[in-house]
Amino acid sequence: MRRTAASLALASALAATAVVVAPTTTSASTPPVKIYKVQYDSPGKDTGSNTSLNSEWVVIKNMTSTNRSLTGWTLRDRTGYTYRFPTFTLKAGATVTVRTGKGTATSTQRYYNRAWYVWNNTGDTAYLKDSKGYLKHSCSWTSVGTGSKYC
């Protein structure tokens with residue numbers, strides 16, 4: 001009888017502990033800051049004009065309710081073309097678009113300042129890494145399809 005009572009007490013204690021350490025409703029698979037969408041094939045012919053270059057872009061989204069510093073973070077492709085964020089804070093729930101061509105940086109638009117395309121239409125991967133070089137999110141595609149991809 002004592003063993004049964006002790007076993008029941010232990011089982012109750014373990015069950016109570018399990019409730020305390022149960023996972024939260026935040027999904028572990030959704031990173032706090034992620035690549036949200038990539039427009040890897042600029043519409044029309046690839047002429048290399050600044051307008052065409054800036055029609056190729058990556059949207060990065062803060063999925064949280066707190067501001068996030070992206071200072072020193074990088075966005076790069078498989079080849080190694082890299083955009084490095086200067087001192088920059090992405091507001092809670094906000095997005096920033098990183099365009100391939102030239103332009104004036106704002107809180108919602110950033111620019112690689114390149115003279116030719118970064119993202120390969122037939123397949124590539126966008127990598128988002130923090131200031132220490134840790135991969136935070138990536139997004140891959142293998143064919144032109146619609147020319148864009150939600151990640």
Side-chain angles (χ1 to χ4, degrees), residues 11 13-151:
L14 288 174
T17 302
V19 170
V20 171
V21 295
T24 64
T25 57
T26 303
S27 171
S29 64
T30 302
V33 177
K34 67 175 273 184
I35 299 168
Y36 183 71
K37 186 176 182 184
V38 179
Q39 177 68 45
Y40 55 86
D41 185 12
S42 147
K45 289 187 174 192
D46 289 346
T47 62
S49 71
N50 197 52
T51 300
S52 180
L53 291 168
N54 282 332
S55 294
E56 180 183 84
W57 42 258
V58 175
V59 174
I60 298 169
K61 184 170 185 175
N62 180 348
M63 305 298 288
T64 73
S65 58
T66 58
N67 295 347
R68 299 287 177 146
S69 173
L70 298 189
T71 302
W73 284 43
T74 58
L75 175 65
R76 65 178 289 268
D77 73 337
R78 278 190 210 146
T79 304
Y81 296 124
T82 304
Y83 174 81
R84 181 175 304 276
F85 282 90
T87 301
F88 184 80
T89 299
L90 186 56
K91 303 278 186 195
T95 62
V96 61
T97 302
V98 181
R99 297 184 181 278
T100 297
K102 296 176 180 159
T104 303
T106 68
S107 63
T108 59
Q109 303 287 319
R110 310 305 285 185
Y111 297 87
Y112 264 89
N113 290 314
R114 292 196 40 86
W116 200 249
Y117 303 91
V118 170
W119 310 106
N120 295 324
N121 297 351
T122 56
D124 208 338
T125 302
Y127 301 96
L128 182 64
K129 294 184 179 184
D130 69 14
S131 61
K132 294 179 181 175
Y134 293 111
L135 181 65
K136 293 302 179 178
H137 195 236
S138 64
C139 181
S140 298
W141 56 94
T142 56
S143 64
V144 174
T146 62
S148 66
K149 179 175 182 181
Y150 283 97
C151 304

Handout entry: Side-chain donor or acceptor of N50 paired with backbone N/O of G101 under 3.5 Å
Key = no

Practice task
Identify the heavy atoms of K61 and L90 that sit nearest to each other, and give their distance.
Solution key: C-CD2, 4.0 Å

Handout entry: Any side-chain heavy-atom pair of L128 and T74 under 4.5 Å
Key = no

Fill in the blank from the handout: Interatomic distance, CG@L135 vs CZ@R76, rounded to 0.5 Å, equals 10.0 Å

Practice task
Give a yes or no on this: more than 12 heavy atoms of other residues, nucleotides or ligands lie within 6.0 Å of atom OH of Y36.
Solution key: no

Handout entry: Which residues share a side chain to side chain contact (heavy atoms under 4.5 Å, CB included) with S55, sequence neighbours left out
Key = S42, P43

Problem - Side-chain heavy atoms of K136 within contact of Y127, under 4.5 Å - result: no

Handout entry: CZ/F88: more than 12 non-hydrogen atoms of other groups inside 6.0 Å
Key = yes

Practice task
Check whether any side-chain heavy atom of K37 lies under 4.5 Å from a side-chain heavy atom of C151, and answer yes or no.
Solution key: no

Handout entry: Spacing of OH belonging to Y117 relative to CG belonging to D46, to within rounding of 0.5 Å
Key = 4.0 Å

Handout entry: Side chain T82, main chain G80, donor-acceptor under 3.5 Å
Key = yes

Exercise for the section: Please check if the side chain of K132 supplies one atom and the backbone of W73 the other of a donor-acceptor pair under 3.5 Å. Expected result: no

Practice task
Would you check if Y134 and K129 make a side-chain contact, meaning some heavy-atom pair closer than 4.5 Å?
Solution key: no

Handout entry: Nearest atoms (heavy-atom pairs only) where N67 meets A92
Key = OD1-N, 3.0 Å

Only pairs under 3.5 Å count here: list side-chain donor-acceptor contacts from residues 139-146, not counting sequence neighbours, and write none if there are none.
unit_1 : atom_1 : unit_2 : atom_2 : d
S140   : OG     : T125   : OG1    : 2.7
W141   : NE1    : N120   : O      : 2.8
T146   : OG1    : S148   : N      : 3.4
T146   : OG1    : S148   : O      : 3.0

Exercise for the section: Check the pair R99 / Q109 against side-chain contact (heavy atoms from CB on, under 4.5 Å), numbers first and verdict last. Expected result: CA-CA 7 Å; R99 297 184 181 278; Q109 303 287 319; 2.6 Å; yes

Practice task
Report the distance from atom CE of M63 to atom NE2 of H137, rounding to the nearest 0.5 Å.
Solution key: 9.0 Å

Problem - Polar side-chain atom of T64 near backbone of T66 as donor-acceptor pair, under 3.5 Å - result: yes

Handout entry: Residue of the set N113, V98, V118 for which side chain to side chain contact (heavy atoms under 4.5 Å, CB included) holds with Y83
Key = V98

Problem - Spacing of CG belonging to D124 relative to CG belonging to D41, to within rounding of 0.5 Å - result: 12.0 Å

Exercise for the section: Would you please test T104 and Y111 for side-chain contact (heavy atoms from CB on, under 4.5 Å) and show each step? Expected result: CA-CA 7 Å; T104 303; Y111 297 87; 5.5 Å; no

Completion exercise
Rounded to the nearest 0.5 Å, the OG1 atom of T100 sits from the OH atom of Y112 at a distance of 6.5 Å

Problem - Trace of the side-chain contact (heavy atoms from CB on, under 4.5 Å) decision for T122 with Y40 - result: CA-CA 9 Å; T122 56; Y40 55 86; over 6 Å; no

Fill in the blank from the handout: CG of N62 to OG1 of T95, rounded to nearest 0.5 Å, is 10.0 Å

Practice task
For the residue pair V33 and I60, establish whether any side-chain heavy-atom pair is separated by less than 4.5 Å.
Solution key: yes

Problem - Intermediate values then yes/no, side-chain contact (heavy atoms from CB on, under 4.5 Å), V58 and I35 - result: CA-CA 7 Å; V58 175; I35 299 168; 3.7 Å; yes

